[in-house]
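Just so it is clear, the values below take in all heavy atoms, side chains as well, and ignore hydrogens, waters and symmetry mates. Keep in mind that what you see is a predicted model, and the values were worked out from it rather than measured. Quick note on labels: first sequence line is chain A, next is B, and so on, each numbered from 1.
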Number of protein chains: 2
Amino acid sequence: MDAYVAPMNDIRFVLRELIDLHELAQLSDSEVLGDADLTDAILEQAARFAAEVLSPLDRVGDRQGARWTEHGVHTAPGFPEAYREFVAAAWNNIDMPAEYGGQDLPAVLCSAIHEMFVAANKSFCMCPDLASPAVEALAAAASEPLKTFYIPKLVSGEWTATMNMTEAQAGSDVGALRMRAESHPDGSYRLFGEKIFISYGDHDLTDNIVHLVLARIADAPAGSKGISLFLVPKYLPDGRRNEVQCTGIERKLGNHASPTCTLVYGAQGTGAFGWLIGKENKGLQSMFVMMNGVRFNAGLEGLAVAERAYQMAVTYARERIQGTLPDGGGESVPIIRHPDVRRMLMMMRSQIEAMRAVAYEIAAARHVAARHPDPAVRAERQAYVDLMIPMFKGWATETSTEIASTSIQVHGGAGYIEGRGVTQPFRDVRVTTIYEGTTSIQARDLVERKLMRDGGAALRAWMSQVDHCLQQLERTANTELTDIGIKLRTALDSLGRAANWALVTYRQRPLQVLGGSVPLIRLFGIVAGGWQMARAGLVAQEQLRQGRGNAPFLRAKLISACFYSSQVLPQATGLAEVAINGSQWVMAMEDAAL
Amino acid sequence: MDAYVAPMNDIRFVLRELIDLHELAQLSDSEVLGDADLTDAILEQAARFAAEVLSPLDRVGDRQGARWTEHGVHTAPGFPEAYREFVAAAWNNIDMPAEYGGQDLPAVLCSAIHEMFVAANKSFCMCPDLASPAVEALAAAASEPLKTFYIPKLVSGEWTATMNMTEAQAGSDVGALRMRAESHPDGSYRLFGEKIFISYGDHDLTDNIVHLVLARIADAPAGSKGISLFLVPKYLPDGRRNEVQCTGIERKLGNHASPTCTLVYGAQGTGAFGWLIGKENKGLQSMFVMMNGVRFNAGLEGLAVAERAYQMAVTYARERIQGTLPDGGGESVPIIRHPDVRRMLMMMRSQIEAMRAVAYEIAAARHVAARHPDPAVRAERQAYVDLMIPMFKGWATETSTEIASTSIQVHGGAGYIEGRGVTQPFRDVRVTTIYEGTTSIQARDLVERKLMRDGGAALRAWMSQVDHCLQQLERTANTELTDIGIKLRTALDSLGRAANWALVTYRQRPLQVLGGSVPLIRLFGIVAGGWQMARAGLVAQEQLRQGRGNAPFLRAKLISACFYSSQVLPQATGLAEVAINGSQWVMAMEDAAL
């Protein structure tokens with residue numbers, strides 16, 4: 001497997017040309033964004049860490065995996081050392097609040113850094129990634145003593161955190177969980193029950209682990225309204241072992257180095273000591289605070305693994321000499337010169353570029369939504385973020401799963417062999433469409449919450465942004481750009497049609513609209529990607545015209561935008577038709593006939 | 001993992017209603033097709049063998065896999081016994097010529113049986129599946145002594161066969177192979193070199209293995225015109241071990257129970273004893289005789305594994321209770337009632353039905369092409385088969401790969417866990433788009449050989465068959481069927497447009513046409529599937545009208561046809577646009593910029 005090399009040119013292009021860093025830099029604690037040398041230095045350090053420390057352990061982790069023993073989970077060889085280096089370089093707290101000692105770097109920068117780290121070693125990142133939402137939840141709702149004791153340990157990386165939601169009967173439907181919390185006269189709780197699918201629920205990277213656990217207090221209301229959030233440490237403040245045990249880890253398709261634990265609480269009868277975070281029965285609200293972040297990260301993970309898979313495919317396609325071209329005089333050529341291999345590479349690349357631009361732009365919007373002085377601007381940006389995140393999570397993870405499969409295809413027979421590297425992204429990425437809410441859940445969230453609640457206002461606001469870009473495309477004299485504009489216009493119209501249909505149909509026929517919701521989310525993603533690629537094409541063309549910038553990169557960017565618009569956007573019309581008309585057949589068959 | 005249950009209702013429907021078995025039964029040695037009770041009995045026996053013997057070993061094979069030792073390869077536990085039962089029941093020679101003791105069952109029946117066996121245990125089938133093309137090659141071109149000695153052993157199943165094509169530097173480009181054959185005064189040859197990716201190149205199922213090996217005789221012309229085919233047994237007729245060794249097996253993404261061997265010939269210096277099959281330097285011609293068969297089978301494998309993955313998804317979706325519906329009064333429901341889960345199940349099912357009908361219909365055409373008394377009919381059907389096979393191989397394997405991924409998605413988190421069953425079809429099916437010619441190779445074959453050589457005549461002939469079906473649809477008073485007709489007409493027009501574009505453009509811009517060839521092959525497959533689903537819808541509607549047949553099955557079939565036409569066919573327009581217009585951007589970027 002080739003070492004991961006961060007795509008610095010494209011990352012810089014998106015950050016500098018598609019996002020108004022200058023404007024963002026005016027916001028509070030965002031000065032770093034105004035200093036191009038500093039941001040570059042940070043990104044380059046991250047790229048180096050990804051390449052030198054994380055990437056070399058990726059295949060070891062896949063091959064050897066985490067290992068369960070009676071006394072605890074052992075991570076893969078090299079992981080404990082890498083974690084120490086990670087924390088020593090303070091990569092673990094780049095997105096944590098400054099008031100607790102974090103670096104509080106703007107979300108756009110964190111997204112770029114996070115993309116690199118996950119691309120280099122997704123399984124590793126799954127551990128430190130959990131600390132930041134935990135700090136967010138604690139900071140928002142925990143008591144002062146809990147904050148004071150636990151947050152600094154999570155910020156320093158001395159301890160890690162986990163999220164305990166899923167139980168065997170409660171997956172997508174968190175409200176069905178049964179874990180029990182008994183209140184104790186001292187104000188603490190004792191927890192009993194079993195959680196499954198807990199990432200890094202046990203490990204040997206740190207001395208202690210802080211579990212955030214959803215559970216029911218006695219006599220709590222049924223369903224999602226009776227769920228509370230608790231902090232349950234592996235080791236209690238006095239050093240005693242708490243009554244929480246990892247009874248096994250899952251054997252999974254991928255992410256082998258990330259232990260997916262079953263955690264049993266209170267098996268010895270005393271119960272695991274826990275402390276309430278926030279109010280009784282308001283646990284899901286605390287979790288929802290974190291939801292945008294974790295869903296955004298899942299989409300970013302998809303993109304990151306797709307980039308890794310793309311790099312492997314390009315490297316192989318350059319090296320592998322096989323077959324002749326129709327006009328090639330009988331000489332064997334590197335397969336990168338075979339049109340269908342090239343089509344696959346371009347399909348991977350153009351969609352990765354589109355996803356990256358969409359991702360960083362959402363991150364920028366989150367930054368504005370959090371820090372802009374004007375509450376109206378904050379509200380508008382938050383509505384935008386809330387709209388975009390289920391789309392991004394669903395579209396980016398589905399697209400990245402396909403991209404990883406395409407990388408196998410480029411490799412041919414070699415792609416099917418384990419240990420050569422390219423099966424790993426294929427296996428690793430496959431979970432991203434499932435965890436943090438399946439694509440179905442994202443699509444339902446988009447329709448029922450993000451569209452229905454504001455009657456489509458946020459979507460229409462964004463569509464007029466796209467329309468603004470379309471007007472720019474239509475004004476240029478460049479036929480490549482005007483052609484992109486024609487295709488984007490058609491696709492945008494399809495999205496408008498499908499979204500309007502969903503809005504007017506949902507109240508009468510909600511099941512039919514949900515039956516069309518995944519095609520809708522995909523259509524939305526494709527158009528969002530097309531919008532960013534069109535913006536990129538405009539910038540590239542303008543810079544080329546002015547003779548500014550890196551001409552080969554800009555020319556490639558323009559071609560990538562043309563490719564995307566002529567290979568990806570044409571799916572939009574069909575997707576709208578499927579959502580609107582095809583959905584009538586989704587529920588037609590009797591259950592028993594399936 | 002649930003036991004595989006052969007979808008007998010659908011298999012029977014395709015065989016009886018979509019294929020004119022009565023007409024086929026008139027052909028030589030095809031009487032069995034005229035006897036519905038007999039064909040049913042055969043299919044039911046096959047279904048039972050699949051369910052009772054092959055299916056229970058599938059997961060064992062995945063988990064334990066084949067094992068290499070210095071003394072040879074051991075298959076997974078239970079495989080040797082299953083092979084003995086397979087041979088005892090004579091399932092191994094159903095498609096072999098009667099003159100050598102085979103049962104010579106018509107290809108339509110063999111296809112149905114083969115689908116069941118592969119669905120039950122793909123890795124197992126990969127061994128006996130190799131014998132039939134080997135017998136075909138030997139029967140067509142080997143000397144009488146070779147035929148007399150080897151064919152009966154392969155027909156009885158006492159020995160198995162392998163195909164040795166690939167070398168490290170010669171994958172898709174077989175012409176690049178280097179294996180050396182030295183002629184010996186006694187008329188035999190001595191072979192030297194290394195072959196990779198040899199399925200069941202060594203195993204413990206039989207006492208001997210008959211390797212068919214492509215190699216170069218000294219001074220042979222370069223490239224594909226200098227390749228000869230040899231028979232190289234593991235044990236020589238006098239009982240001595242031949243100089244061919246399995247030096248290792250691959251660790252693969254899937255098909256763990258099928259050993260993928262590296263075979264080294266002549267390492268001790270004497271060379272492996274081999275005998276020429278057919279003429280010197282005409283080895284590829286012998287291989288191409290088998291090509292239609294092995295490519296058809298690869299497509300059928302895709303379909304078979306997709307069916308298995310579908311069955312797992314339906315079972316899980318019935319059992320898993322999770323989440324509420326918008327109009328469901330807050331009660332948790334089995335996920336089969338969630339619209340997006342249902343959409344996924346219907347997408348899997350309708351495409352599987354379409355692929356099955358296309359597959360069996362191609363098999364019927366192969367039967368006619370082989371046995372019809374009129375040479376003109378034989379030639380017409382052979383042209384049709386030659387046209388359809390690359391399409392079917394490419395489309396069915398790509399679609400099945402997606403279906404297996406969808407099955408994981410239906411399972412949610414449980415789908416990502418190894419050992420619960422559904423990761424196996426996902427991993428097993430992934431190779432089908434690669435071996436026996438990647439999808440790129442199929443697409444190139446379609447364009448360069450099947451379309452260009454006859455100027456599109458065979459395609460047009462088939463399109464007028466589809467047009468005939470469209471006229472039937474347009475004549476009905478049933479709005480569901482007329483609506484299917486509208487969608488199929490649009491899709492067929494798209495295919496016509498894209499195929500014409502390929503025909504007129506190829507001579508000037510072959511690279512661009514190849515850059516659009518995979519979208520074209522997919523478009524072709526989608527329309528072929530839509531044609532068969534439309535035919536099925538017509539039959540179902542007519543039988544329902546007459547009150548004949550199994551009404552719930554027929555109603556489900558009609559719904560499946562409606563679903564396919566409104567969810568799959570709408571992709572056609574976009575695919576044509578991608579093939580025709582999108583292809584101009586495929587080669588635009590500089591190699592170095594990728």
Side-chain angles (χ1 to χ4, degrees), chain A residues 166 171-173 176 197 250-253 314 322-323 326-327 332 336 339-343 345-346 408-409 412-413 416-419 423 430-431 433-434 438 440 443 510-511 514-515 517-518 552 556 559 562-563 566-567 570-571 573-574 577-578 581-582 585-591 593-594, chain B residues 166 171-173 176 197 250-253 314 322-323 326-327 332 336 338-343 345-346 408-409 412-413 416-419 423 430-431 433-434 438 440 443 510-511 514-515 517-518 552 556 559 562-563 566-567 570-571 573-574 577-578 581-582 585-589 591 593-594:
Chain A
T166 305
S172 293
D173 184 6
F197 293 173
E250 304 287 350
R251 204 164 55 86
K252 308 188 300 293
L253 181 64
V314 172
Q322 195 78 177
D327 53 3
S332 291
I336 199 171
D340 189 60
V341 171
R342 183 66 72 102
R343 182 190 61 81
L345 295 172
M346 288 296 298
I408 287 192
Q409 193 67 19
Y416 199 65
I417 306 302
E418 290 287 0
T423 52
R430 188 64 194 80
V431 77
T433 66
I434 295 170
T438 62
S440 304
L511 296 184
L514 294 183
S517 63
V518 165
I559 290 169
C562 292
F563 183 93
S566 65
Q567 293 259 352
Q571 298 170 30
T573 312
E577 193 182 329
V578 165
N581 300 316
W585 293 106
V586 166
M587 302 301 292
M589 196 178 285
E590 298 285 329
D591 289 10
L594 278 158
Chain B
T166 305
S172 292
D173 185 6
F197 293 172
E250 304 287 350
R251 203 165 56 85
K252 309 188 298 292
L253 182 62
V314 172
Q322 196 79 175
D327 53 5
S332 291
I336 199 171
H338 283 284
D340 189 59
V341 171
R342 184 66 73 102
R343 181 192 62 81
L345 294 173
M346 289 296 299
I408 287 191
Q409 193 67 20
Y416 198 65
I417 306 303
E418 290 286 2
T423 52
R430 189 65 194 79
V431 77
T433 66
I434 296 170
T438 62
S440 304
L511 296 185
L514 294 183
S517 62
V518 166
I559 290 170
C562 292
F563 184 93
S566 66
Q567 293 261 352
Q571 297 171 28
T573 313
E577 193 181 330
V578 165
N581 300 317
W585 293 105
V586 167
M587 302 301 293
M589 195 179 285
D591 289 9
L594 278 157

Counting heavy-atom pairs under 4.5 Å with chain B, which one of [options] comes out on top?
options: A:G323, A:P326, A:S440, A:A593; result: A:P326
options: A:D327, A:N581, A:L345; result: A:D327
options: A:V578, A:D173, A:L594; result: A:L594

Between [X] and [Y] (side chain of the first, backbone of the second, donor and acceptor by atom type, cut-off under 3.5 Å), is there such a pair?
X: B:R343; Y: A:L514; result: no
X: B:R342; Y: A:V586; result: no
X: B:Q567; Y: A:G582; result: yes

Just so I understand: if I count every heavy-atom pair under 4.5 Å between each of [options] and chain A, which residue has the most?
options: B:I408, B:T166, B:V341; value: B:I408
options: B:Q571, B:Q409, B:E250, B:M587; value: B:Q409
options: B:D340, B:I434, B:V518, B:L253; value: B:L253
options: B:T573, B:T423, B:T438, B:L511; value: B:L511
options: B:C562, B:G574, B:G413; value: B:C562
options: B:R430, B:E577, B:M346, B:K252; value: B:R430

Task: Residue B:A176 versus chain A: region with a heavy atom under 4.5 Å - done: neither
- [ ] Sort B:F197 into side chain, backbone, both or neither according to what part of it lies under 4.5 angstrom from a heavy atom of chain A.
- [x] side chain
TODO: Return the set of residues passing side-chain hydrogen bond (donor to acceptor under 3.5 Å, both in side chains) with A:Q322 (not counting sequence neighbours), or none when no residue passes.
DONE: none
- [ ] Pick one of side chain, backbone, both or neither for A:V431, based on which atoms fall under 4.5 Å of a heavy atom in chain B.
- [x] both
Open item on the list: Minimum heavy-atom separation for A:A588 and B:I559, please, with both atom names.
Closed with: O-CD1, 3.5 Å
